[in-house]
J.: 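Sharing a structure below in structure tokens format, with a few things to ask.
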Amino acid sequence: MKPRVRFAPSPTGYLHIGGARTALFNWLFARHTGGTFVLRIEDTDAARNSQAAVDVILNGLRWLGLNWDEGPLTADATGASQGERGPYFQSQRKENYQRRAEALLSRGLAYEHDGAIKFKMTREPITIPDLVVGNVVRPLTDREEQDPDWVLVRSDGQPVFHFVNVVDDLEMGITHVIRGEDHLSNTAKHIALFRAFGVEPPKYAHIPLILNRDGSKMSKRDQGASLTTYLEEGFLPEAVNNYLCLLGWSPKDNTEKLSLADVIDRFDLPQILRHNAKFDFEKLVWLQGEYCRDLPPERFYELAVHAFAKAGVDTNQFATGYVKAALDTCRGKIKTFAELPAYAGFYFHEEITYDPEAAPKSFVVENKPRVEKLLAAFGNLATFDAASIEAALKTTAAELGVKVGVLIHPTRLAVTGHPHGPSLYHLLEVLGKARAIQRLERALGPEGFGK
RNA sequence: GACCCUAUGGUCUAGCGGUUAGGACACCUCCCUUUCACGGAGGUAGCCCGGGUUCGAUUCCCGGUAGGGUCGCCA
């Protein structure tokens with residue numbers, strides 16, 4: 001029998017990075033084994049749910065490329081879905097839960113108490129066979145000793161998480177439950193319920209949690225906790241996927257950069273680590289840079305234009321050829337698209353603000369006549385391309401008896417406002433002779449050397 | 001409080017009784033270079049503690065400690 005796995009998020013308005021990894025591991029297992037990946041929306045908490053909150057989940061999974069074989073097609077709980085085991089929204093499965101509760105009631109495995117329905121929990125320790133952790137024996141805690149039974153259906157008629165989760169997994173034919181380790185202890189309840197229904201529980205694989213750098217639990221407000229952040233900040237899904245794979249799973253051969261296809265090939269449950277991992281944003285950024293550098297030009301332009309738009313710069317007001325030429329000088333230089341507007345904004349606006357730390361070093365009196373001489377040399381150039389610019393600059397430097405850097409630094413600052421940036425020769429070519437000269441002249445005035 | 005899981009440099013990890021404890025990120029130095037980045041060459045830094053088992057423990061066992069999780073009419 002082919003495995004059937006599921007990702008069952010609750011629509012809270014954001015998708016936790018740990019949840020995204022749980023989805024990823026389920027998806028990888030399904031793809032590795034040729035099984036089925038089911039998406040089920042646990043929208044039992046009516047007060048918190050909205051289609052917008054479901055969209056966050058759907059969009060996040062789509063962005064990562066984690067396609068589901070069964071589940072909703074839209075964020076509308078009553079809308080279309082794919083698969084034979086629906087509905088895939090818990091809010092649409094009320095009758096199933098009611099029927100299951102009545103079955104337990106009629107067989108004396110559950111009972112009413114204060115208007116709620118409680119499950120007769122076994123008093124014996126339960127062994128949880130876990131594919132990652134091994135056999136875990138879970139006895140009752142001291143509080144559970146007082147009253148081991150637990151609520152299946154609240155007095156207001158709402159079934160609780162543990163109940164609906166088991167009913168759905170049972171009815172959807174889930175064979176492997178891959179989820180966060182925070183559910184490990186609760187699995188005893190789930191196993192007892194499956195047995196009460198007369199079926200063998202699925203196989204369990206509890207994966208370690210993702211923690212903050214300080215070891216604390218990653219919650220909604222923590223930096224990097226929301227998948228949407230990466231989507232909005234111009235990260236690449238392939239980089240995020242790659243990084244997530246490396247948290248709690250290892251290819252064991254020192255490979256760091258793996259495509260999803262590679263991981264599908266090599267992924268399996270026993271290789272999953274047992275200890276929690278701390279989220280290392282720096283390493284994610286490194287991987288992002290690796291993927292960013294290898295991006296096909298068209299995709300790079302697309303993401304770059306989006307990043308500028310987000311920063312309030314409409315690159316569509318410039319000629320396409322100019323924009324592409326400008327962006328080409330940035331390729332391989334930046335790691336995240338979020339840094340692009342600051343890095344290359346000088347291409348798209350004329351107001352250059354000189355870096356306050358670099359200006360006093362570059363705009364010194366002895367450099368002024370040098371830059372004036374360079375300006376004259378530029379003015380004499382018939383063709384203003386990178387090679388000519390480089391030649392002119394080097395010739396000028398030689399005539400002045402200074403290193404090229406002496407001219408390069410003030411020129412870069414005058415033209416871009418920054419001490420760092422794309423190749424000077426190439427960016428000058430893209431900017432064009434008129435604008436280059438204009439910016440150099442301004443720097444020679446009171447706002448630059450004049451100060 | 002009870003129960004469960006975990007423990008290799010700052011971080012992610014390889015290791016499954018004998019290794020100069022390997023790789024990656026980050027950090028430092030140098031080289032390349034018009035800056036930055038890339039690339040290249042080096043470097044700092046690690047087996048939580050204590051008992052066993054063993055000829056020999058990072059590795060196996062027990063205890064401790066630390067971190068995380070669970071014990072809801074939250075999910």
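Quick note on labels: first sequence line is chain A, next is B, and so on, each numbered from 1.
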J.: Which residues pass the ring pair (Phe, Tyr, Trp, His ring centres under 6.0 Å) test with Tyr343(A), not counting sequence neighbours?
T.: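 None.
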J.: C74(B) C1' sits how many Å from Asp43(A) CG, rounded?
T.: 15 Å
J.: Sequence neighbours excluded, which residues qualify as side-chain contact (heavy atoms from CB on, under 4.5 Å) partners of Arg299(A)?
T.: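 Applying side-chain contact (heavy atoms from CB on, under 4.5 Å) to Arg299(A) gives Leu236(A), Pro237(A), Glu238(A), Leu295(A), Pro296(A), Leu303(A).
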J.: Would you say the side chains of Asn26(A) and Arg21(A) form a donor-acceptor pair under 3.5 Å?
T.: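 Checked: Asn26(A)/Arg21(A) side chains show no N/O donor-acceptor pair below 3.5 Å.
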J.: Residues two or more places apart in sequence or in another chain: which of them pass ring pair (Phe, Tyr, Trp, His ring centres under 6.0 Å) with Trp68(A)?
T.: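 So Trp68(A) forms no ring pair (Phe, Tyr, Trp, His ring centres under 6.0 Å) with any residue.
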J.: Give me the distance, rounded to whole Å, that separates U54(B) from C47(B) when you measure between the P atoms they each carry.
T.: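 Here U54(B) and C47(B) have their P atoms 26 Å from each other.
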J.: Which value, in whole Å, describes the distance between the C1' atoms of nucleotides U65(B) and G50(B)?
T.: 10 Å
J.: Which part of the nucleic acid, if any, lies within reach of Gly421(A) when heavy atoms closer than 4.0 Å are counted: base, sugar-phosphate only, or nothing?
T.: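 Gly421(A): base contact, heavy atoms under 4.0 Å.
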J.: Just checking, is any N or O donor in the side chain of Asn135(A) or Thr127(A) under 3.5 Å from an acceptor N or O on the other one?
T.: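 No - no donor-acceptor pair under 3.5 Å links their side chains.
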J.: Just to be sure I understand the rule, does Pro9(A) reach a base, reach only the sugar-phosphate, or reach nothing, if contact means heavy atoms closer than 4.0 Å?
T.: nothing
J.: Scan every strand shown for a Watson-Crick or G-U wobble partner of U33(B), both distances under 3.5 Å, and answer none if you come up empty.
T.: none
J.: Just how far, in rounded Å, is C1' of C3(B) from CG of Asp182(A)?
T.: 16 Å
J.: Specify the separation, in whole Å, of atom OH of Tyr14(A) and atom P of A75(B).
T.: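 Answer to the nearest Å: 16 Å.
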J.: With sequence neighbours excluded, tell me which residues meet side-chain contact (heavy atoms from CB on, under 4.5 Å) with Ile191(A).
T.: Ile126(A), Ile128(A), Pro129(A), Thr187(A), Arg195(A), Pro201(A), Tyr204(A)
J.: So what does Asn165(A) touch, heavy atoms closer than 4.0 Å: a base, only the sugar-phosphate, or nothing?
T.: nothing
J.: Quiz question: going by heavy-atom distance under 3.5 Å, is there a donor-acceptor pair between the base of C3(B) and the side chain of Ser185(A)?
T.: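 No pair found.
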J.: Distances under 3.5 Å between protein N/O atoms and the N/O atoms of nucleotides 5-16 of chain B, please, pair by pair.
T.:
residue	atom	partner	partner atom	Å
C5(B)	O2'	Glu181(A)	OE2	3.3
G10(B)	O2'	Arg213(A)	NH2	3.4
U11(B)	O4'	Arg213(A)	NH2	3.2
C12(B)	OP1	Lys278(A)	N	2.9
C12(B)	O2'	Leu246(A)	O	2.9
U13(B)	OP1	Gly248(A)	N	2.7
U13(B)	OP2	His275(A)	NE2	3.2
A14(B)	OP1	Lys252(A)	NZ	3.0

J.: Got a sec, which pairs hit ring-ring contact (aromatic ring centres under 6.0 Å, His included) with one end in residues 384-422 of chain A, sequence neighbours left out?
T.: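 Qualifying pairs, neighbours excluded: Phe378(A)-Phe384(A).
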J.: Do any N or O atoms of the protein come closer than 3.5 Å to N or O atoms of nucleotides 37-39 of chain B, and which pairs are they?
T.:
residue	atom	partner	partner atom	Å
A37(B)	O2'	Gly332(A)	O	3.4

J.: Could you work out, with salt bridge (Lys or Arg N to Asp or Glu O under 4.0 Å) as the rule, every residue matching Glu350(A), not counting sequence neighbours?
T.: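 Counting only residues at least two positions away or on another chain, Glu350(A) forms a salt bridge (Lys or Arg N to Asp or Glu O under 4.0 Å) with Arg435(A), Arg439(A).
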J.: Nearest-Å distance, CD (Glu145(A)) to P (U70(B))?
T.: 20 Å
J.: Please figure out whether Asp142(A) or Glu282(A) has its closest RNA chain B nucleotide nearer the 5' end.
T.: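 Counting from the 5' end, the first nearest nucleotide belongs to Asp142(A).
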J.: With side chain to side chain contact (heavy atoms under 4.5 Å, CB included) as the test, pick out the partner of Leu246(A) among Thr255(A), Asn241(A), Leu284(A), Leu258(A).
T.: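 Per the side chain to side chain contact (heavy atoms under 4.5 Å, CB included) rule, the option paired with Leu246(A) is Leu258(A), out of Thr255(A), Asn241(A), Leu284(A), Leu258(A).
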J.: If you restrict it to nitrogen or oxygen atoms, what contacts under 3.5 Å exist between nucleotides 46-49 of chain B and the protein, and what is each distance?
T.:
none

J.: My understanding is that only residues two or more places apart in sequence, or in another chain, count here; which of them pass ring pair (Phe, Tyr, Trp, His ring centres under 6.0 Å) with Phe279(A)?
T.: Tyr243(A)
J.: Quick one: label His16(A) by what it contacts on the DNA or RNA (base, sugar-phosphate, nothing), any heavy atom closer than 4.0 Å.
T.: nothing
J.: From CD of Gln288(A) over to C1' of A26(B), roughly how many Å is that when rounded to an integer?
T.: 17 Å
J.: Looking at Ser423(A) and U34(B), is any side-chain donor or acceptor paired with a base atom of the opposite kind under 3.5 Å?
T.: yes
J.: Name the nucleic acid region contacted by Lys217(A), choosing base, sugar-phosphate or nothing; use a 4.0 angstrom heavy-atom cut-off, strictly under.
T.: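 Sugar-phosphate: the residue Lys217(A), judged by heavy atoms under 4.0 Å, touches backbone atoms but no base.
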J.: In the strands shown, is G63(B) matched to any nucleotide by a Watson-Crick or G-U wobble pair with both distances under 3.5 Å, and which?
T.: C49(B)
J.: Starting at OH of Tyr425(A) and ending at C1' of C36(B), how long is that distance when rounded to a whole Å?
T.: 14 Å
J.: Check ring pair (Phe, Tyr, Trp, His ring centres under 6.0 Å) between Tyr230(A) and all other residues, then give those that pass, not counting sequence neighbours.
T.: Phe235(A)
J.: How many Å lie between CD on Glu144(A) and P on G1(B), as a whole number?
T.: 17 Å
J.: May I ask you to say what His183(A) touches in the nucleic acid, namely base, sugar-phosphate or nothing, with a heavy-atom cut-off under 4.0 Å?
T.: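 Base contact.
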J.: Assess, by modelled atom type and distance only, whether the side chains of Thr329(A) and Tyr347(A) contain a donor and an acceptor separated by less than 3.5 Å.
T.: yes
J.: Between U70(B) and Arg138(A), counting only base atoms on the nucleotide and side-chain atoms on the residue, is there a donor-acceptor pair under 3.5 Å?
T.: no
J.: Using whole Å, report how far CG of Asp156(A) lies from P of C73(B).
T.: 12 Å
J.: Among residues two or more places apart or on two chains, list those pairs meeting ring-ring contact (aromatic ring centres under 6.0 Å, His included) that have a residue in residues 119-158 of chain A.
T.: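 For residues 119-158 of chain A: Phe119(A)-Trp150(A), Trp150(A)-His162(A).
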J.: For His206(A), which contact category applies under a 4.0 Å heavy-atom criterion: base, sugar-phosphate, or nothing?
T.: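 The residue His206(A) makes no contact with any strand.
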J.: Could you please name the partner base of G1(B), counting Watson-Crick and G-U wobble pairs only when both distances are under 3.5 Å?
T.: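 Matched G1(B) with C71(B) under the 3.5 Å cut-off.
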J.: With nearest nucleotides of RNA chain B determined for Val151(A) and His426(A) from heavy-atom distances, which residue corresponds to the more 5′ nucleotide?
T.: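 Result: His426(A).
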